[in-house]
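In what follows, a structure is listed as structure tokens, so that the remarks can point back to it.
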Amino acid sequence: MSGAGTGAAAGAGAVGAPMRVGVIGVGVISEQYFASFERLPGLALEAVADLDQVRAASVADRLGVRALTVDELLADDRVDVVLNLTIPAAHAEIALRAIAAGKHVYGEKPLALTVADGAAVLEAARAASVRVGSAPDTVLGTGVQTAAQLVASGAVGDPVGAAVSWTASGHEAWHPAPDFYYRAGGGPLFDMGPYYLTTLVHLLGPVVSVSGLVSRSARRRTIGTGPRAGEQLEVDVDTHASALLRHASGATSTVTVSFEVWGSRAPITEFFGTLGTIAVPDANMFGDPVELLTADDRTWRGVEPTAGYRDAGRGYGLADLARAVAAGEPHRASGDVALHVLEITEAVAASSASGAVVTLVTRPDVPPLVPLGTKPHLA
């Protein structure tokens, strides 16, 4: 684990005290984080900031915290960790500024728009002895964690491979301001890919090579809801991607993610072993049920949760980071894994452009299983 995964912030609170959180970006996704904070005693919401200061003030008033400018929040000694919920294009910039201020940083995916920018964030964190965490933390719920525990226990024998198929017609159908999904840092690879690529790393280990194909259709995109309903969108990214991944373990996996599909019956994620198959729950959720089929019993049966945070939501990865800082241990939703997933993502497009298999450089440690429980606890 790199230093970016084990450092401690100079401005951290007292030992055993909650980690004080400053949120930058109070858009749609922030509400899911705020809903989790009240059941995570290791976190204390301290302040919020947004380019829209009226919106930040409204959120702060509702939650009983301070509304600050971005500059004020980054300089505030009462903030230990910056929760970076800005648009993808701002992820690296805000992370670097938080690190320069001596704060831990936890951000939404992707870590950055490019591997080079993501690596710069982790290098800055190592130099400053602070932590970098990154979504998705959905993989820390009972769904993916129980599947990972089955794999680790040998319940389906030796790993052979896995298959992912996440498809939809496009986020403009439900999001009132979906522009960023179709700009740099968006598209199905950057937006949805991290959920499933991170899951594959947890199940099969790091990826060593990638072969990929990407494309986009000429279909016109129209916002379907909200005050801008009927407005057409510009599409600057590829909207359909398929990849073949070779893992360091020798297993292989296939991945398809798309904003081009009106309907599909393909399972979202399945894991194949020499003695059976695991129906892995949707990695965009925390606790959907796991199903198992074995060579000895050719019927699907549900599996009770054996690992993971129960009833989890967005923010549990940040709480796990706070737990790990207090315990002096690596955290699970790490910048190292996020950088690896970003390298896979970048390699899919590079392979499509060149027609060649791309060999990866990063190789993170697979995070340890989450013991079955309700929440991360401070030491």
Item to check | Working for side chain to side chain contact (heavy atoms under 4.5 Å, CB included), residues V325 and H331 | outcome: CA-CA 8 Å; V325 168; H331 57 286; over 6 Å; no
Checklist entry - For the side chain of S36 and the backbone of R314, is there at least one donor-acceptor N/O pair under 3.5 Å apart? => result yes
Checklist entry - Quick one: are T222 and E172 in side-chain contact, heavy atoms under 4.5 Å? => result no
Checklist entry - In the single-linkage hydrophobic clustering (I, L, V, M, F, W, Y; side-chain heavy atoms under 4.5 Å), do L111 and L96 co-cluster? => result yes
Checklist entry - Is the shortest heavy-atom distance from the side chain of R323 to the side chain of K375 under 4.5 Å? => result no
Item to check | Check: V348 main-chain N/O paired with S351 side-chain donor or acceptor under 3.5 Å | outcome: no
Next on the checklist: Less than 4.5 Å apart, side chain to side chain, heavy atoms only: is that true for L245 and V255?
Outcome noted: yes
Item to check | By salt bridge (Lys or Arg N to Asp or Glu O under 4.0 Å) - contacts of E72 (at least two apart) | outcome: none
Checklist entry - For the residue pair Y309 and Y316, does the interplanar ring angle fall in the parallel (under 30°), tilted (30 to 60°) or perpendicular (over 60°) class? => result tilted
Checklist entry - After noting the C-alpha distance and the side-chain angles of D76 and R20, does the key distance pass the salt bridge (Lys or Arg N to Asp or Glu O under 4.0 Å) rule? => result CA-CA 11 Å; D76 196 319; R20 299 166 297 182; over 6 Å; no
Item to check | D311 CG to R39 CZ distance, which is reported to the nearest 0.5 Å | outcome: 7.5 Å
Item to check | D137 (side chain) donor-acceptor with G315 (main chain) under 3.5 angstrom | outcome: yes
Next on the checklist: Among P159, S209, S253, P206, which residue satisfies the side-chain contact (heavy atoms from CB on, under 4.5 Å) criterion with H247?
Outcome noted: S253
Item to check | Value rounded to 0.5 Å, distance of CG in L51 from OG1 in T69 | outcome: 10.5 Å
Next on the checklist: Show, in sequence, the C-alpha distance, side-chain angles and deciding distance for D71 and R97, and conclude whether the side chain to side chain contact (heavy atoms under 4.5 Å, CB included) test is met.
Outcome noted: CA-CA 9 Å; D71 288 345; R97 291 180 64 189; 2.3 Å; yes
Item to check | Minimum heavy-atom distance S249-L204, with the two atoms named | outcome: OG-O, 3.3 Å
Checklist entry - Under 3.5 Å, is there a donor-acceptor pair between the side chain of T167 and the main chain of S258? => result no
Checklist entry - Linking I/L/V/M/F/W/Y whenever their side-chain heavy atoms sit closer than 4.5 Å, directly or via other members, would L45 and I29 fall into one cluster? => result yes
Checklist outcome for this item: CG (L113) and CG (L342) are apart, to the nearest 0.5 Å, by 8.5 Å
Next on the checklist: I'd like to know if the side chain of T146 and the backbone of T306 have a donor-acceptor N/O pair within less than 3.5 Å.
Outcome noted: yes
Item to check | same_hphob_cluster(W300, I268) at 4.5 Å side-chain heavy-atom cutoff | outcome: no
Next on the checklist: Test your reading of the model: is there a side-chain donor-acceptor pair from T142 to the backbone of A307, 3.5 Å cut-off?
Outcome noted: no
Checklist entry - Is a side-chain N or O of D80 found less than 3.5 angstrom from the main chain of M19, in a donor-acceptor match? => result no
Checklist entry - Are P178 and L233 side-chain neighbours, meaning at least one heavy-atom pair lies under 4.5 Å? => result yes
Checklist entry - Which atom pair, heavy atoms only, marks the closest approach of V214 to A241? => result CG1-CB, 3.8 Å
Checklist entry - Would you say F180 and Y182 are hydrophobically clustered, going by side-chain heavy atoms of ILVMFWY under 4.5 Å? => result yes
Item to check | Residue among D50, I24, V23 satisfying side-chain contact (heavy atoms from CB on, under 4.5 Å) with T86 | outcome: I24
Checklist entry - Within the side chain of T199, is there an N or O that forms a donor-acceptor pair under 3.5 Å with the backbone of Y195? => result yes
Next on the checklist: Can a side-chain donor-acceptor contact be found between T239 and E260 if the only test is distance below 3.5 angstrom?
Outcome noted: yes
Checklist entry - What are the two closest non-hydrogen atoms of V115 and E346, and how far apart are they? => result N-OE2, 3.1 Å
Checklist entry - What is the ring orientation for Y106 with Y33, classed by angle as parallel under 30°, tilted 30 to 60°, or perpendicular over 60°? => result perpendicular
Checklist entry - What is the distance from atom NE2 of H104 to atom CG of L318, rounded to the nearest 0.5 Å? => result 10.0 Å
Next on the checklist: Measuring only between side-chain heavy atoms, which start at C-beta, is D336 closer than 4.5 Å to D365?
Outcome noted: no
Checklist entry - Got a sec: does the CZ of R246 have more than 12 other heavy atoms crowding it under 6.0 Å? => result no
Checklist entry - Looking only at heavy atoms, what is the nearest atom pair of V121 and I99, with distance? => result O-CD1, 3.5 Å
Item to check | Heavy-atom side-chain contact between R332 and P368 under 4.5 Å | outcome: yes
Next on the checklist: As an exercise, state the distance from OG of S134 to CG of L122, rounded to the nearest 0.5 Å.
Outcome noted: 9.5 Å
Checklist outcome for this item: Only one of L203, L150, V290 passes side-chain contact (heavy atoms from CB on, under 4.5 Å) with V280, and that residue is L203
Item to check | Residues S217 and H240: side-chain donor-acceptor under 3.5 angstrom | outcome: no
Checklist entry - Roughly how far apart are F190 CZ and T345 OG1, rounded to 0.5 Å? => result 6.0 Å
Checklist outcome for this item: In short, V210 meets A347 closest at the heavy-atom pair CB-CB, 3.9 Å
Checklist outcome for this item: Heavy atoms of A324 and P330 approach each other most closely as CB-O, 3.6 Å
Next on the checklist: Same cluster or not: Y181 versus L197, using hydrophobic residues (I, L, V, M, F, W, Y) connected whenever any side-chain heavy atoms lie under 4.5 Å apart?
Outcome noted: yes
Checklist entry - Checking salt bridge (Lys or Arg N to Asp or Glu O under 4.0 Å) for the pair E234/R183: CA distance, chi angles, key distance, verdict? => result CA-CA 8 Å; E234 294 293 327; R183 294 175 181 164; over 6 Å; no
Next on the checklist: I'd like to know whether V156 forms a side chain to side chain contact (heavy atoms under 4.5 Å, CB included) with L292, so could you lay out the CA-CA distance, the side-chain angles of the two residues, the decisive distance to 0.1 Å, and finally the verdict.
Outcome noted: CA-CA 9 Å; V156 290; L292 174 68; 3.4 Å; yes
Next on the checklist: Below 30° counts as parallel, above 60° as perpendicular, anything between as tilted: where do the rings of F259 and H171 land?
Outcome noted: tilted
Next on the checklist: R363 vs V208, test: side chain to side chain contact (heavy atoms under 4.5 Å, CB included). Steps then yes/no.
Outcome noted: CA-CA 8 Å; R363 191 171 296 190; V208 295; 2.9 Å; yes
Next on the checklist: Can you confirm whether L40 sits close enough to P376 that some side-chain heavy atom of one is under 4.5 Å from a side-chain heavy atom of the other?
Outcome noted: yes
Checklist entry - Distance-only, no hydrogens or angles: does the Q232 side chain make a donor-acceptor pair with backbone N or O of R220 under 3.5 Å? => result no
Item to check | Close side-chain approach of V130 and K103, heavy atoms under 4.5 Å | outcome: no
Item to check | Test item: side-chain donor near acceptor, D282 and Y196, under 3.5 Å | outcome: yes
Item to check | E343 (side chain) donor-acceptor with T362 (main chain) under 3.5 angstrom | outcome: yes
